[in-house]
Number of protein chains: 2
Amino acid sequence: MFDANTLASSHVPEHATAEIIPIRPVEPCNPTRPATTRCSSCSMRSICMPADLSADDLSKLDAVICTTRAVKRGDTLYRAGDHFKSIYAIRAGSFKTVVMHRDGREHVTGFEIAGDALGFDGVCAGQHNCDAIALEDSVVCIIPFAQLEIICREVKSMQHHIYQMMSGEIVRESVQMMLLGTMSAEQRVASFLLNLSRRFKTRGFSAAEFNLRMTREEIGCYLGMKLETVSRMFSKFQREHLVRANGKTVRIVDPERLAKV
Amino acid sequence: MFDANTLASSHVPEHATAEIIPIRPVEPCNPTRPATTRCSSCSMRSICMPADLSADDLSKLDAVICTTRAVKRGDTLYRAGDHFKSIYAIRAGSFKTVVMHRDGREHVTGFEIAGDALGFDGVCAGQHNCDAIALEDSVVCIIPFAQLEIICREVKSMQHHIYQMMSGEIVRESVQMMLLGTMSAEQRVASFLLNLSRRFKTRGFSAAEFNLRMTREEIGCYLGMKLETVSRMFSKFQREHLVRANGKTVRIVDPERLAKV
DNA sequence: CGAAAACTTGAGGCCACTCAAATGGAGTGG
DNA sequence: CCACTCCATTTGAGTGGCCTCAAGTTTTCG
């Protein structure tokens, strides 16, 4: 088996593997064997698809989502301006989405990890609105949107699920706008760490300790501050025994007090 | 006829009516007659519905969207936590959407005017995520979401249109995140004015002169700055002959230079 | 292993905030 | 219609948080 969990774990650096605790059993990764990409047997299904699909519905999905794509660290899955054709479910790895202003200014609009979907921004204008860049070697399921629309006309729960996913993105973005509009640098970094923690936990990893796949600069660009400020906040939290940060490895020591910052 | 244009115009304060130039003919408003709310005859249709609906499709829409609701200035259309049942198309007037943090901090996530849709944030969790508050006496079309989903399974172009609207909201929010994350106070206010201008123009009003329905404080809360700073930027633009602002009345004198700020 | 990239920390400056006061405008009641 | 009140807006003065610039250290990766 070659599922998302296996891959995700296989990309954790050696020195940190012991700290990351997958709840689901981890099976050995066999990269020589072609990926069997079927929603019906995917361990990410509970995260990226509705729960109540029948066997019949699942076979429809399997017929549509039959290809995956590997994206190497630093490569783009799509760029702003690219023709929109598919959305992508992250099977393994992680991405950042970046919007660019005409004057060259960049802003990171989100970090997406295994189980997240990418690409809904392209439906509106028929072309993507941001760059999606892999933060590590990653694998995505390719979901042709036209075919997904057909399924959604046939399967009510799929239809509703897609609406929920898009609505969820709207809600997450509005929360992020509040963060950017009203919070201090200290509060933003605290929120960021707790948010990542919660998402890792949902996916069966440790909520307390994890590895950041993004640089301080990328975090800063996401939170609307400079990389030096991010670094200072990490140091501050460390001094206050809220967090232990060692480079990319982060341990949240006191989540309650961190939330109250 | 009792359409959105008529209403919108009827709410423009007397002293400003002459400045606002509707492109479509304005018909007299007759508030004693019940509103005939039919998509098939609504002048906002080109803004809030797909262009290529057949007569048959339109009659399906008319069967679903049969009620409107008047919301007085300052009243809420819905609140965060309210059970989600419908989305709303603004027929006349304008709204702000506000998210609130546990600690009482508020952030304005958007200003919506006639032709815009409201409420997609509720699909995700089955309850609304923000408050929608009328900035002036307004009228919305109520669109029960469950029934809209049924239409979307039957009418391909409606299905696609809803996806486009939600995607559009995702894109607008990501642009706003960039604004909040990377721009100076001066640039934010300039973007805000140009954005409003463009939207008024799309709806057949003057791009150069319009009335703000929101206070400086609400603008500041939307742009992530204090009301005093908003006021200072207005004054600054006035000194530089980019904008003429007199209270709520704004005239954009030099849009090109304003865009380059 | 070596070069490049990422990270940390310090010093000083600037933009937006806070606090304060005066002015203007809208709505209300006599 | 006017006086009054309340809220919104403008403007000024001073402060502080985050940015800029810089140097040194650590980590990553070919």
Side-chain angles (χ1 to χ4, degrees), chain A residues 11-16 72-75 96 105 107-108 133-137 179-190 192-193 211-240 243-250 261, chain B residues 11-16 72-74 96 105 107-108 135-137 179-190 192 211-240 243-250 261:
Chain A
H11 283 98
V12 174
E14 284 309 310
H15 70 277
K72 286 226 165 293
R73 174 196 165 119
D75 286 354
K96 64 173 176 179
R105 223 187 326 239
H107 185 75
V108 174
I133 299 168
L135 294 175
E136 60 190 307
D137 293 354
L179 181 144
L180 291 168
T182 72
M183 292 189 184
S184 67
E186 186 181 16
Q187 293 170 321
R188 292 182 208 187
V189 175
F192 167 74
L193 290 173
N211 275 63
L212 300 174
R213 291 290 143 74
M214 65 295 282
T215 66
R216 300 288 189 266
E217 180 164 25
E218 287 164 333
I219 296 171
C221 199
Y222 176 59
L223 297 177
M225 65 185 76
K226 292 293 150 185
L227 68 97
E228 295 95 329
T229 306
V230 176
S231 182
R232 278 183 241 275
M233 293 307 144
F234 273 71
S235 302
K236 185 164 190 286
F237 290 152
Q238 180 127 347
R239 276 198 306 278
E240 295 167 350
V243 162
R244 281 207 55 92
N246 188 352
K248 304 249 190 223
T249 309
V250 173
V261 156
Chain B
H11 283 97
V12 173
E14 284 310 308
H15 70 275
K72 287 225 165 295
R73 174 196 165 122
K96 64 173 177 179
R105 223 185 329 237
H107 185 75
V108 174
L135 294 174
E136 60 190 307
D137 293 354
L179 180 145
L180 291 169
T182 72
M183 293 188 182
S184 67
E186 187 181 16
Q187 293 171 323
R188 292 181 207 188
V189 175
F192 168 74
N211 276 62
L212 301 174
R213 290 291 144 74
M214 66 294 281
T215 66
R216 300 288 189 267
E217 180 162 26
E218 286 163 336
I219 296 171
C221 199
Y222 176 60
L223 298 177
M225 65 185 76
K226 292 293 150 185
L227 68 98
E228 295 96 328
T229 306
V230 175
S231 182
R232 278 184 240 276
M233 293 307 143
F234 272 72
S235 302
K236 185 165 190 287
F237 291 151
Q238 180 126 347
R239 276 198 305 279
E240 295 167 351
V243 162
R244 283 206 53 90
N246 187 352
K248 305 250 189 221
T249 309
V250 172
V261 156

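Just so we're on the same page: letters track the sequence lines, and every chain starts at 1.
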(request) Among B:Gln238, B:Glu240, B:Arg232, find the residue that satisfies the side-chain contact (heavy atoms from CB on, under 4.5 Å) test when tested with B:Lys236. (result)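 Filter result, single survivor: B:Glu240.
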Between the base of [N] and the side chain of [X], is there any donor-acceptor pair under 3.5 Å?
X: B:Arg216; N: D:dT11; answer: no
X: B:Arg232; N: D:dG12; answer: yes
X: A:Arg239; N: C:dT9; answer: no

(request) For A:Ser184 and for A:Lys248, find the nucleotide of DNA chain D with the closest heavy atom, then tell me which residue's nucleotide is more 5'. (result)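 The 5'-side residue here is A:Ser184.
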Which is true for [X] with a 4.0 Å heavy-atom rule: it touches a base, it touches only sugar-phosphate, or it touches nothing?
X: B:Ser231; value: base
X: A:Arg73; value: sugar-phosphate
X: A:Lys236; value: nothing
X: B:Gly224; value: sugar-phosphate

Show which side-chain atoms of residues 217-229 of chain A pair as donor or acceptor with protein atoms under 3.5 Å away, not counting sequence neighbours.
from: A:Glu218; atom 1: OE1; to: A:Thr215; atom 2: N; distance (Å): 2.8
from: A:Glu218; atom 1: OE2; to: A:Lys96; atom 2: NZ; distance (Å): 2.8
from: A:Tyr222; atom 1: OH; to: A:Gln176; atom 2: OE1; distance (Å): 3.3

(message) Strictly below 4.0 Å: does A:Thr229 bring a side-chain N or O up to OP1 or OP2 of D:dC19?
(response)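 The answer is yes; a side-chain N or O of A:Thr229 sits under 4.0 Å from OP1 or OP2.
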(message) Tell me whether B:Arg188 contacts the main-chain N or O of B:Thr182 through its side chain, where contact means a donor paired with an acceptor under 3.5 Å.
(response)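 Here the side-chain-to-backbone pair does not exist.
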(message) Let me check the geometry of the helix from C:dC1-D:dG30 to C:dG30-D:dC1. What is the bend angle between the axes at its two ends, five pairs each, to 10°?
(response)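 Axis-to-axis angle, ends of the helix: 60°.
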(message) Just checking B:Arg105: does its CZ atom have more than 12 heavy atoms from other residues, nucleotides or ligands closer to it than 6.0 angstrom?
(response)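 Atom CZ in B:Arg105 is crowded, with more than 12 foreign heavy atoms closer than 6.0 Å.
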(message) Which is more 5' along DNA chain C, the nucleotide nearest B:Glu228 or the one nearest B:Met183? Just name the residue.
(response)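 Its nucleotide being nearer the 5' end, the pick is B:Met183.
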(message) Using whole Å, what does the distance between atom C1' of nucleotide C:dA20 and atom CG of B:Leu227 come to?
(response)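 Roughly 13 Å, once rounded to whole Å.
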